[in-house]
Peer 1: 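Quick one: the structure is below, questions incoming.
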2 protein chains.
Amino acid sequence: MADASATPAEPSPLRRQPRQARSQERVRRILAAAEELFVSGGVGSTTTNAIAAKAGVPIGSLYQFFPDKGAILRRLAQGYGEQLHEALAAFAGGEGAALPLEAYITGTVALTDRFFRDHPGYPAIFMDVQATTAELLAIEEEADARLIADWSGTLLERAAAEGATLSAEDGRLIAYVLVKTIGNLLWLAATQEPPLGTQLVREASELAIAYLRRRLAAA
Amino acid sequence: MADASATPAEPSPLRRQPRQARSQERVRRILAAAEELFVSGGVGSTTTNAIAAKAGVPIGSLYQFFPDKGAILRRLAQGYGEQLHEALAAFAGGEGAALPLEAYITGTVALTDRFFRDHPGYPAIFMDVQATTAELLAIEEEADARLIADWSGTLLERAAAEGATLSAEDGRLIAYVLVKTIGNLLWLAATQEPPLGTQLVREASELAIAYLRRRLAAA
DNA sequence: CAAAGAACATGAGCGTTGCTCACGTGCCTG
DNA sequence: CAGGCACGTGAGCAACGCTCATGTTCTTTG
């Protein structure tokens with residue numbers, strides 16, 4: 001537990017890093033099989049034996065790399081979080097940078113919404129969580145923390161550009177509320193029927209804009 | 001599935017309604033034991049045998065009344081939902097009726113926040129859910145539906161009183177967004193450390209007010 | 001290039017959990 | 001008080017997550 005000169009840190013939920021090409025391929029197949037089963041049948045009713053069977057791998061091999069069932073879940077969730085962060089960062093640093101506040105928010109909301117819909121595994125994982133939820137929530141928290149940091153910076157810049165004063169603390173708080181609220185509404189939108197789903201995406205933008213305008217004005 | 005002349009509807013998650021006084025007392029003790037264990041150790045790691053043991057009842061008796069572990073969870077969740085609904089309805093029909101919009105919202109937010117904090121079992125249940133989550137979500141959905149209906153009515157009345165026009169559809173949509181968003185923020189507030197928790201309650205009010213002002217003005 | 005060791009492969013089966021079922025006891029109506 | 005219905009009881013079953021002992025393949029080294 002003390003000496004860890006060889007291991008980089010502890011970011012890997014894997015029990016043993018696959019070094020050979022064949023085993024790396026196996027890990028990929030396990031993750032793919034798990035994602036498919038989680039989406040179609042839910043996390044709770046997907047057995048580890050079923051995952052292994054679908055991946056064409058004996059259970060023993062599955063546990064060679066993943067310490068437990070939750071680790072598979074966590075690995076998938078981590079991947080999703082990183083992908084979303086990168087997509088949003090690209091938008092913020094690219095075409096989004098030139099947009100006015102309202103359009104910037106609408107664009108971000110639309111992008112996040114599309115991400116949820118294009119990756120059905122993301123809602124599926126958080127849809128019916130499981131025993132290991134404490135750690136799963138920690139991962140979601142970590143992903144949110146990145147987004148909050150991003151937003152916090154953006155808000156401070158934009159407030160300054162618009163001549164409003166905004167303390168760093170208030171910036172973080174507002175970013176926190178925005179990330180959590182928009183995430184929640186868009187998650188709902190993704191799991192709802194088309195008419196309501198589309199309306200919710202629009203309302204998410206409206207809500208964010210109204211809140212921001214009020215908070216920036218009150219500074 | 002067809003003939004149901006004897007059963008009133010199907011609102012009871014109980015397998016068999018306890019008719020004698022002794023068995024009713026047993027059901028109460030099972031629910032109390034389950035709540036305590038869920039709060040202290042989480043839902044996932046609480047076994048049905050442990051619930052029965054703490055309640056001083058053999059497992060057989062537990063399953064005499066509850067069809068499965070999830071039913072205990074659902075029964076508790078249902079009770080919470082009804083209590084919150086009644087508390088909010090009492091406020092809306094009582095002292096809240098005379099308050100202006102801003103104060104009304106702040107009051108409702110404060111009341112909901114207190115409810116979450118006074119009933120630690122509520123967050124605990126939704127904290128680490130389990131296999132039966134589909135049905136649990138359905139119950140949460142039902143509780144939210146009641147709150148949304150309440151809000152929807154309140155919004156239409158208040159909009160008319162303020163001279164703004166608001167369609168019934170828009171009223172429902174706005175109520176939906178408000179209930180979901182405030183619930184989410186206050187749930188976060190209840191599970192967060194004091195400084196952030198208190199701020200989040202305030203922000204929930206700010207957010208709701210800003211959103212409502214914008215939506216009522218845009219009519 | 002052979003030998004040694006590390007990484008990987010395999011599946012029978014263990015411990016635990018949610019839950020059943022066959023049988024026994026208490027209560028309550030006619 | 002006799003019949004029946006509701007309730008009480010706990011050994012044990014099926015299914016699950018996961019282990020472990022043993023065998024195989026790859027990589028490194030003298």
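Only a predicted model underlies this, so the values are computations on that prediction, with no experimental measurement involved. Every chain is numbered from 1 and lettered A, B, ... according to where its sequence line falls, protein lines coming before strand lines.
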Peer 1: Between atom OH of A/Y176 and atom CG of A/L147, what is the distance when rounded to the nearest 0.5 Å?
Peer 2: 12.5 Å
Peer 1: Determine, step by step, whether A/Y211 and B/E203 satisfy the side chain to side chain donor-acceptor pair (under 3.5 Å) criterion, reporting the C-alpha distance in whole Å, the side-chain angles of both residues, the deciding distance to 0.1 Å, and the verdict.
Peer 2: CA-CA 9 Å; A/Y211 173 61; B/E203 291 306 309; 2.4 Å; yes
Peer 1: Measure all distances between protein nitrogen or oxygen atoms and nitrogen or oxygen atoms of nucleotides 4-9 of chain C, and list the pairs falling under 3.5 Å.
Peer 2:
from	atom 1	to	atom 2	distance (Å)
C/dC8	OP1	A/R19	N	2.7
C/dC8	OP1	A/Q20	N	3.4
C/dC8	OP1	A/S23	OG	3.3
C/dA9	OP1	A/R26	NE	3.2
C/dA9	OP1	A/R26	NH1	3.4
C/dA9	N7	A/Q64	NE2	3.4

Peer 1: Quick check for you: among D/dT19, D/dC16, C/dC19, whose closest atom lies nearest to any side-chain atom of A/I59?
Peer 2: D/dT19
Peer 1: Go through C/dG18, D/dG17, D/dA11 for me and flag the one nearest to the B/K69 side chain.
Peer 2: C/dG18
Peer 1: Which whole-number value in Å describes the distance from B/D68 CG to C/dT17 P?
Peer 2: 17 Å
Peer 1: May I ask you to verify if any side-chain N or O of B/Y63 is less than 4.0 angstrom from the OP1 or OP2 atom of C/dC19?
Peer 2: yes
Peer 1: Check whether any side-chain N or O of A/R29 sits under 3.5 Å from a backbone N or O of A/A55 as a donor-acceptor pair, and report yes or no.
Peer 2: yes
Peer 1: Please give, in whole Å, the distance from D/dG10 P to B/L62 CG?
Peer 2: 14 Å
Peer 1: Any salt bridge between A/R202 and A/D113, counting N to O under 4.0 Å?
Peer 2: no
Peer 1: Take the protein atom CD of B/Q24 and the nucleotide atom P of D/dA6, then report the distance between them rounded to whole Å.
Peer 2: 14 Å
Peer 1: Would one find a side-chain N or O of A/T48 under 4.0 angstrom from OP1 or OP2 of D/dG17?
Peer 2: yes
Peer 1: Using whole Å, what does the distance between atom C1' of nucleotide D/dC18 and atom CD1 of A/I51 come to?
Peer 2: 13 Å
Peer 1: Minimum heavy-atom separation for B/V43 and B/K69, please, with both atom names.
Peer 2: O-NZ, 3.2 Å
Peer 1: Could you check whether any side-chain heavy atom of A/R15 comes within less than 4.5 Å of a side-chain heavy atom of A/Q64, counting everything from C-beta outward?
Peer 2: no
Peer 1: Rounded to whole Å, how long is the line connecting atom CD1 of B/I30 with atom P of C/dG18?
Peer 2: 14 Å
